[in-house]
Amino acid sequence: MARYRDSVCRLCRRAKEKLFLKGEKCYTDKCPVVRRPYPPGQHGQTRARRVSPYGEQLQEKQKLKWQYRLLEKQFRNCFAAAERQKGITGENLLVLLERRLDNVIYRLGFASSRDEARQMVCHNHFLVNDRRVNIPSFLVRLGDKVVLREKSRSLVRVQDSLTGAAGRGVPSWLELDKGEWIAKVKTLPSREDITMPVREHLIVELYSR
């Protein structure tokens, strides 16, 4: 399976903001975005050029794609699915991305980053409605129950992730019982539940060209 293997800190610097691709490490002052607040590469510190409307649209699409750790074909397929649904295409896209199982695991705090959450899903650490699911792109539905398998509950990495994510909190559309290691999808996410700064209308304009 293809995946991005270069430094993820370069992506944050290119987006000119923290995308929190390394989880809790991004909250420290050692984050490259803080130490080197300019784009990567040989000419990163030269005077910035004016960005065209197309450049803004492309940058917004890239930023959202990087945040959810998708490749171009995966993101385009997700946009096509959002376009087929009723309602506002941009909001549909964000809701579909939020419903991905790897994102749900990250939001619950079982993993410190979406990359780590994807690896945990692929390694069969979670059950959805008492069935093993190892597909990161699996879309959770209303009322679904996500459970961390019993043999995985003693993993030090999971304990550390839950501790680090305590300040981040669990989204209102999810319900987590830490004592039983069970989470439930109370409602489907809405646009108000997505707090990351994203201008989804620019992405729609880009794909409508």
Side-chain angles (χ1 to χ4, degrees), residues 1-27 31-33 36-41 44 48-49 51-85 87-108 111-122 134-140 168 171 173 188-209:
M1 180 181 70
R3 62 174 180 166
Y4 180 83
R5 294 180 180 272
D6 206 347
S7 170
V8 295
C9 294
R10 292 175 61 89
L11 302 181
C12 295
R13 292 176 60 199
R14 197 174 298 163
K16 300 179 182 178
E17 63 181 84
K18 289 187 178 184
L19 302 179
F20 300 97
L21 304 181
K22 281 192 173 181
E24 307 305 322
K25 296 179 181 178
C26 298
Y27 290 94
C31 177
V33 178
R36 291 172 288 176
Y38 48 84
R49 296 180 179 178
V51 182
S52 66
Y54 173 76
E56 289 185 356
Q57 296 167 358
L58 181 62
Q59 187 175 24
E60 205 66 24
K61 186 265 292 185
Q62 293 290 80
K63 185 172 68 174
L64 187 64
K65 184 181 75 172
W66 293 336
Q67 280 180 316
Y68 285 96
R69 312 301 292 130
L70 302 182
L71 297 178
E72 181 61 35
K73 186 176 181 180
Q74 295 171 312
F75 191 85
R76 187 178 289 273
N77 289 341
C78 195
F79 181 85
E83 209 171 21
R84 290 192 296 267
Q85 294 181 347
I88 303 173
T89 301
E91 294 184 5
N92 291 342
L93 173 63
L94 295 178
V95 169
L96 286 175
L97 293 172
E98 278 291 299
R99 288 174 55 198
R100 287 173 55 97
L101 182 58
D102 55 356
N103 178 74
V104 171
I105 300 305
Y106 167 70
R107 294 293 193 195
L108 290 170
S112 62
S113 66
R114 289 184 177 88
D115 279 339
E116 186 177 28
R118 175 175 297 186
Q119 185 182 53
M120 293 181 68
V121 172
C122 291
N134 59 2
I135 303 174
S137 61
F138 177 86
L139 296 180
V140 298
R168 189 170 71 228
W173 58 282
L188 292 181
S190 63
R191 180 63 184 90
E192 291 71 25
D193 295 320
I194 302 169
T195 57
M196 65 180 67
V198 57
R199 295 174 292 175
E200 64 272 14
H201 67 278
L202 294 181
I203 302 174
V204 178
E205 291 173 5
L206 175 66
Y207 282 118
S208 300
R209 295 175 71 92

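Just so we're clear, the structure is a prediction, and the values are computed from it rather than from any experiment.
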Rounded to the nearest 0.5 Å, how far does [atom2] of [Y] lie from [atom1] of [X]?
X    : Y    : atom1 : atom2 : value
D102 : D115 : CG    : CG    : 9.0 Å
R100 : I135 : CZ    : CD1   : 11.0 Å
I105 : Q119 : CD1   : CD    : 13.5 Å
E83  : N92  : CD    : CG    : 10.0 Å
I203 : L93  : CD1   : CG    : 6.0 Å

_side chain to side chain contact (heavy atoms under 4.5 Å, CB included), that's the test. Do V198 and E60 meet it? Break it down for me._
CA-CA 7 Å; V198 57; E60 205 66 24; 3.8 Å; yes

_Residue pair L94 / M196, side-chain heavy-atom distance below 4.5 Å_ = no

Which heavy atom of [X] sits nearest to which heavy atom of [Y], and what is that distance?
X    : Y    : result
C78  : L97  : SG-CD2, 3.7 Å
L188 : V140 : CD2-O, 4.4 Å
A111 : M120 : CB-SD, 4.0 Å

Going by side-chain contact (heavy atoms from CB on, under 4.5 Å), name the residues that satisfy it together with [X], two or more places apart in sequence or in a different chain.
X    : value
A81  : R84, L96
P171 : R107, W173, L174
I88  : E91

Could you list the residues that satisfy side chain to side chain donor-acceptor pair (under 3.5 Å) with [X], not counting sequence neighbours?
X   : result
K61 : E72
R76 : none
N77 : none

*Can you name the residues that form a ring pair (Phe, Tyr, Trp, His ring centres under 6.0 Å) with Y207, not counting sequence neighbours?*
F79

*What residues form a ring pair (Phe, Tyr, Trp, His ring centres under 6.0 Å) with F75, not counting sequence neighbours?*
none

Just by modelled atom types, is the [Y] backbone N or O under 3.5 Å from a matching donor or acceptor in the [X] side chain?
X    : Y    : value
R114 : A117 : no
N103 : E98  : yes
E116 : S112 : yes
R69  : R118 : no

*Residues two or more places apart in sequence or in another chain: which of them pass salt bridge (Lys or Arg N to Asp or Glu O under 4.0 Å) with E205?*
none

_Looking only at the side chains, is there a donor atom on one of S190 and D193 sitting less than 3.5 Å from an acceptor on the other?_
yes

